[in-house]
Trainee: 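Dropping a structure here in structure tokens format, bear with me for questions.
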Amino acid sequence: MSLLIKNGEIVTASERYVADIYCEKETISRIDKNISPPVGAEVVDASGHYVFPGFIDPHVHIYLPFMGTFAKDTHETASKAALIGGTTSYIEMICPGRTEKPLEAFELWMGRAVGKSACDFSFHMGVSRYDAQAERDFREIVRRGVSSFKVFLAYKGALGVSDEELYKTLSLARELGVITTAHCENADLVLGLQTKLLAEGKTGPEYHYWSRPPVVEAEGVHHLMTFAEMTGAAVYIVHLSCEEALQEALRASIRGARVWIETLIQYLLLDKTDAEKPDFEGAKYVMSPPLREKRNQEVLWNGLRKGLVSTLASDHAPFDFKTQKKMGEEDFTKIPNGIPSLEDRVNLYFTYGVKRNRIDLHQFVHTASTAAAKIFGLFPRKGTIQPGADADLVVYDPAYRGKISGTAQHMNLDYSAFEGVKIEGRAHVVTVRGKVAARNGKFVGEAGRGQFLRREAGVY
Ligand code: URP
Ligand code: ZN
Ligand code: ZN
């Protein structure tokens, strides 16, 4: 099995040049000018196209029991959508409930991905309680190649952890040398504000924002940073949405805290007014932290451009509008949180980032691929183009013009939050470990070929 990508403009986080890429079996074996096609090699003409390293989505939900329902995608549907959109690896959150055993949850989530996903995958291990049994399980899960934890400071009574559990989790993470990813919102403030709003008869999706204003997120970040500084643990703030939260993270970073920051494509392109759309349409845009005032978008773009924000993820959380979002018709606190964007993340980021000169090509690759590979222990196997790396490549057509459509998408959902939004660029050919998996918006790969990516501890 060999593959030759000819005449593409290779773009990594630090380099840009025209060359051919020869891949043998699953890895890149040679990069050079004018490589003659060896006998039997599959040849892809990449003239006029960029060749990017496979994009990595460090924050997705696929199997997700949440708010009384289950996310709609499976690894079959999600991985196909990911590949069509240029994402060749993703990291899913394992989210066990408080009464579930962590190791059983790990095996459950693993069982749902192995032999099903067409792209490579890894997990963040969710910590929703901490006792002696759970700690034994966490140590075993880390030994099995999951070198990151996930904690929710929000979702009190469900997935959220107490301060005692947070302290113990970060202490263990520090001991094992793993990074802890965290959803930062003050759960008690959310609960108090939700109760007050509902008592005032404010039940529509537009009030979701007011139950989680920026200060609630900023306090969550400050809270996490206090615990990170006290334990010396490395932390990664997921889905940071606003300037107030960014300020808190940066203040701690200046003091010496080991912190990385992720934002989402949703926060760059959608805003608070989307969740205010009439006739319950706003429910499509309910996520936590909520979509913010538009002024925050420039702050986040600046953060990505200047390297203050490390990664751009999707937080793919697929809940149908007609059946699942509707569960909150009478009460916004019952609307399943999340906006799906796994399939569209890369094209939207390219269009509204690179094409609008908000970020350059290297910043694009860095924040949508390389940084996630480095932070989560996948580099240089993933996240770059060099001999020895996995042959995960995206031959990208910057001349493509199209529009996002919920009916044409491959995510298993009845709507798109980006309906009708123009895109200027699309993956022409996507490869995973040397095999073509998607071509011009169609999945042409092998279901179930995706591999679990073991990630070693001891890095942090
Ligand atoms: O609203 C969101 N972000 N939903 C998915 C679950 C989470 O909090 O990441
Ligand atoms: Zn979250
Ligand atoms: Zn999430």
Side-chain angles (χ1 to χ4, degrees), residues 57-73 78 82 90-97 109 121-128 148-161 166 180-187 190 194 205 207-209 211-212 216-217 220-221 223-224 235-242 245 249 261-268 270-272 274-275 282-292 311-321 324-325 327-328 332-342 345 372 376 411 413 415 417:
D57 196 332
H59 182 171
V60 304
H61 303 277
I62 296 168
Y63 174 62
L64 177 65
F66 187 55
M67 296 183 74
T69 186
F70 291 84
K72 287 286 291 187
D73 267 315
Y90 49 51
I91 311 183
E92 186 189 11
M93 309 277 171
I94 297 177
C95 293
W109 259 262
F121 57 92
S122 184
F123 300 106
H124 302 294
M125 184 60 217
V127 177
S128 48
S148 47
F149 294 147
K150 166 72 185 282
V151 290
F152 289 95
L153 306 192
Y155 307 132
K156 202 177 171 66
L159 302 171
V161 288
L166 177 62
T180 301
T181 70
H183 174 138
C184 297
E185 288 180 300
N186 183 302
V190 173
Q194 284 177 334
Y207 295 108
H208 176 74
Y209 174 92
S211 69
R212 316 172 100 101
V216 166
E217 184 183 350
V221 169
H223 204 85
L224 176 77
V235 294
Y236 173 95
I237 298 166
V238 299
H239 53 41
L240 185 132
S241 73
C242 61
I261 300 165
E262 167 198 281
T263 191
L264 308 179
I265 193 68
Q266 294 90 320
Y267 298 131
L268 297 178
L270 304 172
D271 67 70
K272 179 173 172 285
D274 287 298
K284 292 177 179 172
Y285 303 89
V286 165
M287 66 180 299
S288 296
L291 297 175
R292 298 301 188 190
T311 57
L312 190 277
S314 74
D315 188 11
H316 180 64
F319 296 103
D320 262 349
F321 178 61
Q324 296 179 302
K325 293 277 186 183
M327 287 160 50
F332 71 86
T333 68
K334 298 197 165 59
I335 301 169
N337 288 197
I339 300 179
S341 62
L342 175 58
R345 174 186 70 119
F376 294 113
M411 300 177 287
L413 272 169
Y415 81 100

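Every number for a ligand or one of its atoms is a count from 1 in the order of the listing.
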Trainee: Looking at His183, pick out the N, O or S atom nearest to the Zn ion (ligand 2) and give its name.
Mentor: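 Of all N, O or S atoms belonging to His183, ND1 is the one nearest the Zn ion (ligand 2).
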
Trainee: Could you tell me whether the side chains of Ser288 and His208 share a donor-acceptor contact shorter than 3.5 Å?
Mentor: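 Indeed, the side chains of Ser288 and His208 share at least one donor-acceptor pair under 3.5 Å.
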
Trainee: Taking distance alone, with N or O pairs closer than 3.5 Å, would you say Lys150 contacts ligand 1?
Mentor: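 In this structure, Lys150 places no N or O atom under 3.5 Å from an N or O of ligand 1.
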
Trainee: Are side-chain N/O atoms of Tyr63 and Glu92 paired as donor and acceptor at under 3.5 Å?
Mentor: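 On atom types as modelled, these side chains do not qualify, holding no pair under 3.5 Å.
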
Trainee: Considering just N/O/S atoms, say which atom of His59 is closest to the Zn ion (ligand 3).
Mentor: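 Within His59, restricted to N, O or S, the Zn ion (ligand 3) is closest to atom NE2.
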
Trainee: Would the distance check show the side chain of Lys334 and the main-chain N or O of Gly68 forming a donor-acceptor pair, the cut-off being under 3.5 Å?
Mentor: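 The answer is no, because no donor-acceptor pair under 3.5 Å joins these two groups.
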
Trainee: Check for me whether the distance between the ring centres of Tyr155 and His183 falls short of 6.0 Å.
Mentor: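 Yes - the distance between ring centres of Tyr155 and His183 falls below the 6.0 Å cut-off.
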
Trainee: Run down the list Leu64, Asn337, Leu159, Val60 and name the one with the heavy atom closest to atom 4 (N) of ligand 1.
Mentor: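 When every heavy atom of Leu64, Asn337, Leu159, Val60 is considered, Asn337 comes closest to atom 4 (N) of ligand 1.
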
Trainee: In Å, rounded to the nearest 0.5 Å, how long is the span from SG of Cys95 to CE of Met125?
Mentor: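 Answer rounded to 0.5 Å: 8.5 Å.
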
Trainee: Classify the side-chain pair Thr69/Gln324 by whether it contains a donor and acceptor separated by less than 3.5 Å.
Mentor: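 The criterion, which ignores hydrogens and geometry beyond distance, is satisfied for Gln324 and Thr69.
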
Trainee: Counting C-beta onward and ignoring hydrogens, is there a side-chain heavy-atom pair between Leu166 and Leu153 closer than 4.5 Å?
Mentor: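 Heavy-atom side-chain distance check passes, below 4.5 Å.
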
Trainee: Looking at Ala317, which atoms of ligand 1 are within less than 4.0 Å of one of its heavy atoms?
Mentor: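 Listed by number with element, the hits are 5 (C).
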
Trainee: Measure from the Zn ion (ligand 2) to every N/O/S atom of His239 and report the name of the nearest one.
Mentor: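 This residue's closest N, O or S atom turns out to be NE2.
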
Trainee: Name of the Asp315 N, O or S atom nearest the Zn ion (ligand 3)?
Mentor: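 The Zn ion (ligand 3) is closest to the Asp315 atom OD1, counting only N, O or S.
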
Trainee: Indicate, as side chain, backbone, both or neither, the part of His183 found under 4.0 angstrom from ligand 1 when only non-hydrogen atoms are considered.
Mentor: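 Within the 4.0 Å criterion, His183 contacts ligand 1 through side-chain atoms alone.
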
Trainee: Pull out every atom of ligand 1 sitting under 4.0 Å from any heavy atom of Met287, numbered as shown with elements.
Mentor: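 Contacts of ligand 1 toward Met287, numbered from 1: 1 (O).
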
Trainee: Just need the protein heavy atom nearest to atom 3 (N) of ligand 1, so name the residue and atom and give the distance.
Mentor: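 That would be Asp315 OD2, 2.6 Å.
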
Trainee: Is it the case that Asp73 and His316 place a side-chain donor and acceptor less than 3.5 Å from each other?
Mentor: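 A pair is found: one side chain offers a donor N or O, the other an acceptor, under 3.5 Å apart.
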
Trainee: What I want to check is whether the side chains of Ser314 and Tyr90 have a donor and an acceptor closer together than 3.5 Å.
Mentor: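 Side-chain D/A pair, Ser314 to Tyr90: absent.
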
Trainee: Less than 4.0 Å is my threshold; does some heavy atom of Met93 fall inside it relative to ligand 1?
Mentor: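 Met93: no contact with ligand 1 (<4.0 Å).
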
Trainee: Just one of Leu224, Thr181, Ile261, Val221 clears the side chain to side chain contact (heavy atoms under 4.5 Å, CB included) bar with Val235, so which one?
Mentor: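 Of all the options given, the one that passes is Leu224.
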
Trainee: Quick test: of every protein heavy atom, which one is nearest to atom 8 (O) of ligand 1, and how far off is it to 0.1 Å?
Mentor: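 Ranking protein heavy atoms by distance from atom 8 (O) of ligand 1, first comes Tyr155 OH, 2.8 Å.
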
Trainee: In His61, what N, O or S atom is nearest to the Zn ion (ligand 3), if we give its atom name?
Mentor: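 Restricting His61 to its N, O and S atoms, the minimum distance to the Zn ion (ligand 3) goes to NE2.
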
Trainee: Got the closest protein heavy atom to atom 6 (C) of ligand 1, with its distance?
Mentor: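 Going by distance alone, atom 6 (C) of ligand 1 is nearest to His61 NE2, 3.6 Å.
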
Trainee: For atom 1 (O) of ligand 1, what's the nearest protein heavy atom and its distance?
Mentor: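 In this structure, atom 1 (O) of ligand 1 has Ser288 N, 2.7 Å as its nearest protein heavy atom.
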
